[in-house]
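Inspection log for the structure reproduced underneath, given as structure tokens.
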Amino acid sequence: MFNLKDRVALVTGASQGIGRSIALALSCAGARVAVAARNSEKLEKLAEEIGGDGVLAVQMDVGDAQQVKAGFRQAVERFGRLDILVNNAAITRDGLAVRMKMDDWDAVLRTNLTGAHLCIQQALGVMLRQRSGRIINMTSVVAQTGNAGQANYVAAKAGLIGLTRAIATEVASRNITVNAIAPGFMVSPMTDVLPEKVKEELVARIPLGRMGQDADVAAAVVFLASDEAGYITGHVLDVNGGMRMS
């Protein structure tokens, strides 16, 4: 088990699914965790489940610069530092590119890419002073393969890979690593709504023969947040059951 004792993490999109599992895994590894999302009710339930003084619920829309500033300020004031940022918040507004509404394009880019940028800016303000930190961005297998009907989502997630590598280069000299995780098709609220036939077709494309679980991604986050991953930066870690091998 990787030891994150005395570390402070902030996880966006933590109210459900993968984000929730990540927050729980980081807490189990010893970290104090600020859990951030728009849904305050779900956040409070998660905070109660984690329990104790090592958790803080922060209601925050990552696409709103002022809310991001206020949320990070709240976390740092509570815990005194910030060691780990997990940019997990994401939305979908699917549709064929030829008919995609500008509002749907803007909403997805604002949350999935601009939101990560805003959070990284706030995290670096703390991490650069500490001369240490771990930033982990959640991208997707479709950023590497493409996916029909998701031009906005794919563009945002592919942009996140570029952002990861650019920031990794900028801050490496300060002992800050920046990596991305690219999950494949996971059991999650996003895939729960898919028709069964579509799910079966997706599973047929996965060599391991199943969709991934939240815990598969959470374990990868804990590893990249640990001291043992200190010589890894600018990397995209595939967690996809062999769906894409690079």
Side-chain angles (χ1 to χ4, degrees), residues 11-20 22 35-43 58-72 85-122 136-167 180-203 205 211-212 214 217 236 238-240 243-244:
V11 182
T12 69
S15 61
Q16 63 183 1
I18 290 173
R20 182 178 180 278
I22 289 169
V35 291
R38 292 178 296 183
N39 191 314
S40 60
E41 183 178 349
K42 288 183 179 180
L43 283 179
V58 180
Q59 187 175 15
M60 185 173 77
D61 180 349
V62 298
D64 185 314
Q66 294 307 312
Q67 288 190 38
V68 171
K69 288 181 181 179
F72 274 77
L85 167 64
V86 182
N87 277 314
N88 172 72
I91 62 171
T92 56
R93 296 286 188 274
D94 295 349
L96 294 175
V98 70
R99 293 196 294 267
M100 184 168 289
K101 297 177 182 178
M102 200 66 216
D103 286 348
D104 291 338
W105 175 272
D106 288 342
V108 170
L109 269 290
R110 183 173 61 251
T111 295
N112 299 9
L113 183 56
T114 301
H117 163 67
L118 294 173
C119 290
I120 288 170
Q121 282 188 318
Q122 295 303 309
I136 302 164
N137 298 319
M138 302 303 300
T139 181
S140 170
V141 66
V142 300
Q144 302 160 315
T145 65
N147 201 37
Q150 287 193 310
N152 48 2
Y153 184 81
V154 171
K157 291 297 189 178
L160 201 51
I161 292 174
L163 180 65
T164 295
R165 290 170 174 160
I167 303 301
I181 294 174
F185 290 107
M186 318 298 291
V187 176
S188 72
M190 283 187 181
T191 56
D192 287 345
V193 299
L194 296 174
E196 284 303 316
K197 183 178 179 181
V198 174
K199 291 181 184 178
E200 291 172 4
E201 291 172 351
L202 292 177
V203 169
R205 296 163 56 190
M211 285 193 181
D214 295 345
V217 179
V236 180
D238 294 331
V239 183
N240 62 27
M243 182 179 172
R244 177 187 180 274

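All values reported here derive from a predicted model rather than from experimental measurement. Basis for what follows: all heavy atoms, side chains included, without hydrogens, waters or symmetry-related copies.
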Inset, instruction - Would you name the heavy atoms of Ala14 and Ala37 that are closest together and state the gap between them? - result: N-CB, 4.0 Å
Inset, instruction - Taking the side chain as every heavy atom from C-beta outward, state whether Leu202 and Leu194 have any atom pair closer than 4.5 Å. - result: yes
Legend entry - Check: Ser140 side chain, Val142 main-chain N or O, donor-acceptor pair, under 3.5 Å: yes
Legend entry - Check: Met138 and Val217 side chains under 4.5 Å, non-hydrogen atoms: yes
Inset, instruction - Could you walk me through whether Phe72 and Leu85 pass side-chain contact (heavy atoms from CB on, under 4.5 Å), step by step? - result: CA-CA 10 Å; Phe72 274 77; Leu85 167 64; 3.8 Å; yes
Legend entry - Atom pair CG/CZ of Asp214 and Arg20 - distance to nearest 0.5 Å: 9.0 Å
Inset, instruction - Mind checking the CZ-CG spacing from Arg110 to Leu118? Nearest 0.5 Å is all I need. - result: 10.5 Å
Inset, instruction - Locate the shortest heavy-atom distance separating Gly95 from Met100; write the atom from each residue and the value. - result: O-CE, 3.2 Å
Legend entry - Nearest-0.5 Å distance, CZ of residue Arg205 to OG1 of residue Thr145: 6.5 Å
Legend entry - Nearest-0.5 Å distance that lies between atom CE in Met211 and atom CG in Asn240: 13.0 Å
Legend entry - Min side-chain heavy-atom separation Asn152-Leu109 under 4.5 Å: yes
Inset, instruction - Answer yes if the side chains of Gln144 and Asp238 hold a donor-acceptor pair under 3.5 Å, and no otherwise. - result: yes
Legend entry - Over all atoms of both residues, closest heavy-atom pair of Gln59 and Arg38: NE2-O, 3.1 Å
Legend entry - Any side-chain heavy-atom pair of Thr164 and Val236 under 4.5 Å: no
Inset, instruction - I would like to know whether Thr92 and Gln150 meet side-chain contact (heavy atoms from CB on, under 4.5 Å); could you show each step before the answer? - result: CA-CA 8 Å; Thr92 56; Gln150 287 193 310; 4.1 Å; yes
Inset, instruction - With salt bridge (charged side-chain N to carboxylate O under 4.0 Å, His left out) as the test, would you mind laying out the steps for Lys199 and Glu196 before giving the verdict? - result: CA-CA 5 Å; Lys199 291 181 184 178; Glu196 284 303 316; 3.5 Å; yes
Inset, instruction - Scan Asn137, Thr12, Val86, Thr114 and name whichever one has a side-chain contact (heavy atoms from CB on, under 4.5 Å) with Cys119. - result: Thr12
Legend entry - Reported OG1-to-CG distance for the pair Thr139 and Leu160, which is rounded to 0.5 angstrom: 5.5 Å
Inset, instruction - For Lys69, look at atom NZ and say whether over 12 heavy atoms of other residues, nucleotides or ligands are found less than 6.0 Å away. - result: no
Legend entry - Heavy-atom closest pair, residues Met60 and Ala36: CE-CB, 3.7 Å
Legend entry - Any donor-acceptor pair under 3.5 Å from Asp104 side chain to Arg93 backbone: no
Legend entry - Short side-chain to backbone donor-acceptor contact, Asn112 and Ile91, under 3.5 Å: yes
